[in-house]
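Here the structure is laid out as structure tokens; the discussion comes afterwards.
Throughout, a chain's letter reflects where its sequence line sits, starting with A, and its residues are numbered from 1.
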Amino acid sequence: MKIKNTKTRVMRVILYVVLIALALVMLVPFVWMLSASFKLDKDVFIFPIEWIPKNPRWRNYVDIWSKIPLMKFVVNTVKLTLIVTFLQLLTSSFAAYAFAKLDFKGKDTLFLAYIATIAVPWQVYMVPQFMMMRSMGLADTHLAIICLQAFSAFGVFMMKQFYEGIPSELCEAARIDGMNEYQIWYQIMLPLSKPSLSTLTIFTFVNTWNDFLGPLIYLTTESKKTLQLGLRMFISQFGSEYGLIMAASVLSLIPVLIVFLSLQKYFVEGVAASGVKG
Amino acid sequence: MKKRRLLSLMTAAAMAGSLAACGGGNQGGETTPAAAGGGETAATTATETVEAKEGQTVMRWSIWDKDLTAYYQPLIDEFEKQNPDLKIEMVDLGSSDYQTVLGTQLTGSGSDFDIVTIKDVPGYTTLVNKGVLEPLDEYIAKDNVDLAAFKGLTDQITVEDKLYELPFRSDFWVVYYNKDVFDAAGVDYPTNDMTFDQYDELARKLTVDVPGQEVYGAHYHTWRSAVQLFGILDGKNTILDGTYDFLKPYYEMVLAEQEDGICQDYATLKTSNLHYSGAFSQGNVGMMNMGTWFIATMIDKIKSGEYTDCANWGIVKYPHADGVEPGSTLATITALSIPASAPHKEDAWKFVKFVCGEEGAEIIAATGNIPALMSDGIADTISSKDGFPADDGSKEALQTANLYLEMPVSAKSSEIEIVLNEAHDNIMTGNTSIDEGIADMNEKVGAILGGGQ
Amino acid sequence: MGKKTIDPALVQSKLSVWEPRLAELQRQAEAETDPKKKLKLGKQVDRTRDKIRQIKTGERFSRQTKRDMVAYSFILPNFIGFAVFTLGPVIFAFVLAFLKWDGNSPMEFAGFGNFALMIGNTRFLASLRNTVIYCVATVPLTLAVALGLAVLLNQKIKGRNFFRTVSFFPYVASLVAVAAVWNMLFSPAKSGPINMVLYSLGVAAKSLPKWSADKDWVMFTVVLFSVWKNMGYYMVIYLAGLQGVNGELYEACALDGANTWQRFWYITLPQLRPTTFFVTIMLTINCFKVYDIVYMLAGGSVGVLNESAIVLVYHIYEEAFRNWNLGYASAVAMVLFLMVLAITLVQFRGEKKYAN
């Protein structure tokens, strides 16, 4: 018994050492961002890196608000991200239920069509898509970005896979109890899929928040632009303000981290298992 | 339960509805919060929401770096003063992906741009090949615009006897030097008449290789232009020739310098993403060849106190090969075009003519930038700008003899550009030897030139 | 619906078609030995039976049709948006692969001309080679690391939330920052941290790799970078998948005296099958579509990828937006698509087989 105890203790120590080492490696880019955000542009890429700047430039965090209409960009990005995430969650989990738990004509073909579009790089259908959007009068509107992002095949695919992990017996039992499919989706599947809904929320949020190419092509009016386009405004033809870019990037990470941290509590073991018991 | 579901669906519908509303009706009248902060931003965001008065025509002009380019607004102000019935609205497509976004916007017939800025020659060639630009020859003939004033530049951008753009800005390459570095080494400043050998010797004299306190005699940015194009300055070869053996001595010089620590290692520069301004402003670089666009940056950043270690600077003409007159250098132009789909072509031409003409040139020069139309007076305007080096050599460096475009126009420009970039990278990183690199260029460019005809 | 008056003659005539068909199908199903075909025939039998029942009762829609319609109603909200904004343009892009088009001039039919151009294009061949190498190396590595990390961080350990968040960091942090840090660690200079280690291990200064500036090491560097940057992302998916694993199974297993490894192998892994299927497909697709990280690591200030580092999507980008050869770019995308499709179908098959 004693031997086993020491053995587990040693294992624990090794585990923590590995984890801490990993955490350090993961944190380096963030530390770099933070450090660069207090520097003048000319010093950002100097090698070897000066991790703690001698004269930290706090001004960078003030300048980013006045040099570009950052507040407007933040508002736009928040609006787009919230709407896209909401629509994506709703429509994906809805469609995924049919793909995972219902049997219908053309299921496999339809599903393959979804996956197939994921495999086509956006660069090749961007031009036809843009021309179509423009002819619909959607060029330079936020609606274009929403349409582009909210109905992604990715969400459907992911939710479907998670739903398949939930035992079908639950649905059968519910059907016998007289629930219709919509009720099963709402009352059984949704509560059971909190971890996967959280995952999809995180991913959609991060993707929309950090999306650059979509807004770049579609949004040309300054008052409609997003945060990521704003960051690029510090990069000009003959020089760039990486100190400012990093200051704004550090700030733009905050919402992402808040979302991640607040949804983490749903990554708790046994959600589905308890569902089976109940 | 049912009610809650219904509610959530209704919220979704309501949100979708409100989206449609804010997506469509946002065109004008919106004020940005940032308009209050900083005079510069306020002025420029205002133009965006400009509303046409009765009978006014609004023309959209595609640009990049709106808030960082000093001459856009003065140009527009003066033009609108002279043409009260016309309004110019700037559309900033961003600097880094400008040509991609512009190309997409001009695709098909739905674009509403009246004037577009063309960033570089490969971008120009692409759009000409695509057939989306309006030939300007008729307008030029009609208004008797004197192309000779562009000193041959317009000949270099004529495609099959047609001209699709008119340059308004023409930057050329000079050597920037840090006087403090020369003083510390006790070496005389460079002159406007130096051969490549003299230049190389000078760079070697300046170099200090004490670890931790290195001083580099020369600095070459990672662009191919910075090294490769030394080779075309004698006027005997062009970069579209298809044979590149003439580049060998210049690569030998720079690689030897790199080997001896005279300049920073290309591979390190490339992977660290160090910008040339970052390198020069550290104060440990003696000489750096770069375009005249850097003059405005230097003046501004020294004034604002950001650059402290290179405040004592000067410029001289490019070094030259033996037996060639000094003053031959590389040029890069920025130009205006009218898209074939432009709604107001005649009015757009008025603007193009104004910006590329003498009045436009004066306005551009007053901001410390080099207009394409270089007259004697304009060189004085630039060199008398506050913050420009006071010595006579720097003033004289603005006089050029021959200007060679960094990339001449050809239907194959962008394909050849890729080959040249790759070979440059391979030679500079040591992935291939100079001979292999040159052989590679000869073979691939030969194939491109041969394949199309 | 059922209140409609039934015309007995019509019903009879319909039944005379359907009933023999049912009998025939049933006979075939009986005789079939291949289990897969048998299953398929069984489904057909059910559908036919359903049809006959519908004819007899006179309902307008069969039960199956009703069930289908419920299913379609679930898919529809997403599908409308998906079909209009994604599927449509994608199909258009497929057609483009057989055309010559610069986005402006009239389209010309090119047949397989675009595909023929690829064979002679050294940049295409290089990008194909690099992409395949990249995928073969990155997919299994990322998969293993992400799964390991997820299992590790699913245990009850102190600071779990902190470690989870930190692992997600490289994925969300600005690519400029992440690439800068990586290129700093793997600096080609002698003073670069990794090279310093190699140097002290006895590697000669001359033969130190130049990492992302070195034509022989650039893909290696890109693969390592990509694993590091993306493992947090796939870890999150696995973490969510792990929450669906039935805890009772572990208890049962512990009673049988299984060790940690056996529990992982016999319970965790099979239970994670749908997640692994998803992760593998997404990972494969994303690897084939890799672009921005290679560009940031090896593009340099000019932003042009050399033949030693060029990947398919970069080649597509450069052909589509530098040269406006939209037809050719689509053809390249088609090649990429077919490769991904082949791999996906194999995985799809495997998944189906396993599920049955």
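The two atoms that bring A/M158 and A/L200 nearest to each other are CE-N, 3.5 Å, heavy atoms only.
With a 4.5 angstrom heavy-atom cutoff, C/I75 touches chain A via backbone and side-chain atoms both. In this structure, chain A has a heavy atom under 4.5 Å from the side chain of C/L345, while its backbone stays farther away. Heavy-atom distances place no part of A/L231 under 4.5 Å from chain C, backbone and side chain included. Within the 4.5 angstrom heavy-atom criterion, atoms from both the backbone and the side chain of C/T165 approach chain A. Of the two parts of C/I157, the backbone and the side chain both hold a non-hydrogen atom closer than 4.5 Å to a non-hydrogen atom of chain A. Proximity to chain A involves both the backbone and the side chain of C/I237, based on heavy atoms less than 4.5 angstrom apart. Both the backbone and the side chain of C/S73 come within contact range of chain A, judged by heavy atoms closer than 4.5 Å. Both the backbone and the side chain of C/F79 come within contact range of chain A, judged by heavy atoms closer than 4.5 Å. For chain A, the nearby part of C/F163 is the side chain; its heavy atoms alone come within less than 4.5 Å. Heavy atoms of C/L153 lying under 4.5 Å from chain A belong exclusively to its side chain. Using a 4.5 Å cut-off between heavy atoms, C/I80 does not touch chain A at all. For chain A, the nearby part of C/K43 is the side chain; its heavy atoms alone come within less than 4.5 Å. Proximity to chain A is limited to the side chain of C/V340, based on heavy atoms less than 4.5 angstrom apart. With a threshold of 4.5 angstrom between heavy atoms, C/F278 approaches chain A through its backbone and through its side chain. In this structure, chain C has heavy atoms under 4.5 Å from both the backbone and the side chain of A/I20. Using a 4.5 Å cut-off between heavy atoms, C/L312 makes no contact with chain A at all.
Taken to the nearest 0.5 Å, the CG atom of C/N230 stands 7.0 Å off from the OH atom of C/Y171. Taking CZ of C/R67 as the start and CG of A/D103 as the end, the distance is 8.0 Å to the nearest 0.5 Å.
Side-chain contact, A/Y125 with C/S330: no donor N or O sits under 3.5 Å from an acceptor N or O. Under the 3.5 Å distance criterion, with hydrogens and angles disregarded, a donor-acceptor pair is assigned to the side chains of C/N78 and A/Y114. Counting only N and O atoms by type, the side chains of A/Y163 and A/S196 include no donor and acceptor under 3.5 Å apart.
Ring geometry for C/Y291 against C/Y317 counts as tilted: the plane angle lies between 30° and 60°, on a 0 to 90° scale.
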A/L253 and A/M33: CA distance, side-chain angles, deciding distance, side chain to side chain contact (heavy atoms under 4.5 Å, CB included) verdict
CA-CA 11 Å; A/L253 263 184; A/M33 280 172 81; 4.0 Å; yes
